[in-house]
Structures are given as C-alpha cells and as structure tokens.
Amino acid sequence: MDRTGRQPYVTGTSPYSVPPEDLTSLLGDEPAFRASQLREWLYTRPVLQASEMTNLPSSVREAIGDDLWPFEGEVDQSADIGRTRKWLFRTPDGAAIEAVLMGYPRRTTLCISSQVGCAMGCTFCATGQFGFDRHLEAGEMVAQVAYANAYLRRFPIDGCPARVTNVVYMGMGEPLANYRNVVPVLEVLISDYAYGLSRRRVTVSTSGIVPHIEKLGDDCNVSLAVSLHAPNDELRNRIVPINKLHPIDELL
C-alpha cells in the first residue's frame, strides 16, 4: 500500500497490454475516474513518457515509469525530408520489430508489424528470409500506433496531419497468421473508445490465408490488401509458397 492506504498501480505490465475498457485492473484502489484519465493519455493524447501525464498522481506516474511501452528501446531513421520515420523497437525478450510512419498532405500512415519474423517464406520479402520467431501480442501492436501518435504530438511533421490517420499491416509478419492477436487490435483501432479510425482507413495485408480472409470479413470488416505478385499458379507457387495451399482461383 502507499501512504494513502490504497493498493498501488500494478507494475511490470504495459498499460497498452490491457484493453482500454479494462484499465481499472491496473490501478489498484485508485478512484474509478483515474482509468478514464489514463485512457485519455494512452489513446487521445498519448505521451512519450509517463511523467507527462500531469493529472495523474505522481505515485501512479512513477509506478508506470518504464512500463509505459512494451519495448526496452528504439532506433529511428528519417527519410524524405523528415516525412518518413522508421523505428526499430526492441522488446524485453530481445526481439526486434519495425514500424514506419509516412506523412502526406492529407494523411499520416503508419505501417505496423504483427510478428517477429515470418514463416511465409515469400522470396521477395527480407523478413521472410529471417524465419519466424514469435507472434506479437496485441499490446505490442497497439503500442506501435500509440508511440507514433505520441511522437507526432511532440515532433509534428510539417504539412501532414499531426496524428496517425491510416494504419496498414504491411510491416514484419503475416497478420492473418496471428489472427488471434490481430483482431483485438483492429477493434481498438476502430473503436470510438480508443482511436476511432474509419474501417476503410485500416488495412490488413495478406499473402493469401484464405480461411482467415473470410473470417476477417465477418469479424471486423476492415480494408484488405492481397499480395498477389504473379498472374498464374506456376509462378506464384515459386515466389509466394502459401499459393500451393491456397491457389489463385481459391484466393480470388
């Protein structure tokens, strides 16, 4: 307990690893309204450091501390006169994942990763040559979006929206192979309780896992991009191996 007699914030867990509607589970005996304040800092006005959450008690901010992000560090690169940022995030277990922010006059698009590595083995994809390590948890994907928004609040890109307006699953990994964790993230992205993005501004890119394409339409119905890359099965079998399981006719 802290000096007020209340149970403290639950440490060791990034708040992005908890659904936005369940944040009270992290806050111990803090008043219920603290969850709404925390949710605003995480999703509406995200910040790079917990110390910036000025209307939360210092004890809560200090407890969140290094647990704000499910990453232990990041490396960033800039291109296109600063309108493109690439981040390499390092997770506590040593895994590395990428996210890329691209600014345009009418939209700011974030490309996020869904896996560490990839098992699809597409010949044109550098990630596929690394092999598969593990799925990303939902909180690790949500945090990529939050980090980009927090970065934009502090370092806006001239001539571009100062918030992520579009999210595309075109980073590391095959998102439909991590279906169990991807769908809850999609729900957070389109929920008015969190990011409130239009369904047409959220795109899942797939190499062609047909059963999950159909399921995605029923479960979340966001935009879909298919990496076709070849007009016939003979060629596509060589460069997109999943085609041997789900050939072009089935995919279409």
Side-chain angles (χ1 to χ4, degrees), residues 1-76 85 87-99 101 110 112-114 116 134-156 162-164 167 178 180-182 184-189 191-197:
M1 293 186 182
D2 64 16
R3 62 187 178 184
T4 67
R6 294 197 293 263
Q7 293 291 335
Y9 180 93
V10 177
T11 56
T13 301
S14 166
Y16 289 108
S17 298
V18 177
E21 64 273 16
D22 294 338
L23 290 173
T24 52
S25 65
L26 290 177
L27 291 168
D29 292 338
E30 289 291 332
F33 69 86
R34 296 292 185 208
S36 296
Q37 291 176 324
L38 179 58
R39 179 171 57 83
E40 183 176 7
W41 287 116
L42 296 178
Y43 298 100
T44 306
R45 294 188 294 161
V47 290
L48 292 173
Q49 297 177 322
S51 59
E52 300 174 66
M53 300 177 178
T54 51
N55 62 353
L56 291 178
S58 59
S59 59
V60 173
R61 283 178 277 158
E62 291 169 3
I64 295 173
D66 294 336
D67 293 332
L68 176 58
W69 304 107
F71 317 123
E72 289 192 337
E74 73 285 335
V75 177
D76 69 276
R85 308 289 305 191
W87 290 292
L88 181 71
F89 297 112
R90 186 73 63 178
T91 62
D93 64 358
I97 55 175
E98 289 183 347
L101 183 71
L110 182 69
I112 66 173
S113 295
S114 57
V116 182
R134 67 174 176 88
H135 295 309
L136 290 184
E137 296 294 329
E140 293 174 310
M141 289 179 267
V142 171
Q144 294 174 60
V145 183
Y147 188 93
N149 275 330
Y151 178 91
L152 286 168
R153 287 193 70 225
R154 184 178 291 185
F155 307 107
R163 187 172 181 83
V164 172
V167 175
N178 188 14
R180 178 179 63 86
N181 290 313
V182 164
V185 178
L186 297 175
E187 292 171 347
V188 169
L189 292 175
S191 170
D192 290 337
Y193 203 63
Y195 291 114
L197 296 177

side-chain contact (heavy atoms from CB on, under 4.5 Å) between V145 and V188: does it pass, once the steps are laid out?
CA-CA 11 Å; V145 183; V188 169; over 6 Å; no

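- The distance from atom NE2 of H135 to atom CG of N181, rounded to the nearest 0.5 Å, is 7.5 Å.
- Between the CG atom in L110 and the OH atom in Y151 there is a gap of 12.5 Å [rounded to 0.5 Å].
- The main-chain N or O of W87 is never found under 3.5 Å from a side-chain atom of D76 such that the two would form a donor-acceptor pair.
- Between L68 and P15, the closest heavy-atom pair is O-CD, 3.7 Å.
- M141 CE to L136 CG: the interatomic distance, rounded to the nearest 0.5 Å, is 5.5 Å.
- The two residues P70 and P92 come nearest to each other via the heavy atoms O-CD, 3.4 Å.
- With rounding to the nearest 0.5 Å, the separation of OG in S17 from CG in D22 is 12.5 Å.
- In this structure, T24 contributes its side chain and A32 its backbone to no donor-acceptor pair below 3.5 Å.
- Although no hydrogens or angles enter the test, the distance criterion places a donor-acceptor pair under 3.5 Å between the side chain of N149 and the main chain of V164.
- Atom CG of L38 sits about 12.5 Å away from atom CZ of F33, to the nearest 0.5 Å.
- In this structure, the side chains of D93 and V116 stay at 4.5 Å or more apart for every pair of heavy atoms.
- The line from CZ of F155 to CG of L48 is 6.5 Å long, rounded to the nearest 0.5 Å.
- Between R39 and Y193, some side-chain heavy-atom pair lies under the 4.5 Å cut-off.
- Results of the salt bridge (charged side-chain N to carboxylate O under 4.0 Å, His left out) test with E52 over R154, R153, R45, R61 single out R154 as the only residue that passes.
- Counting only heavy atoms from C-beta outward, the side chains of I112 and I97 never approach each other to under 4.5 Å.
- Heavy-atom contacts from other residues, nucleotides or ligands closer than 6.0 Å to CG of D66 number 12 or fewer.
- When all heavy atoms of V47 and M53 are compared, the pair lying nearest together is CG2-CG, 3.9 Å.
- Taking both residues in full, the closest heavy atoms of E30 and S59 are given as OE2-OG, 4.5 Å, listed atom of the first, atom of the second, then distance.
- For the residue pair V185 and A138, the shortest heavy atom distance occurs at CG2-O, 3.5 Å.
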Hey, mind stepping through V142 and L189 against side-chain contact (heavy atoms from CB on, under 4.5 Å) and telling me if it holds?
CA-CA 8 Å; V142 171; L189 292 175; over 6 Å; no

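- For the pair E40 (side chain) and S36 (backbone), a donor-acceptor distance under 3.5 Å is absent.
- Between T91 and R134, the closest side-chain pair of non-hydrogen atoms falls below 4.5 Å.
- Between F71 and W69, the ring-plane angle classifies as parallel under the 30° and 60° cut-offs.
- Contact record, G65 with A50: N-CB, 4.0 Å, taken as the closest heavy-atom pair.
- Put simply, the side chain of P46 reaches to within 4.5 Å of the side chain of Y16, judged on heavy atoms.
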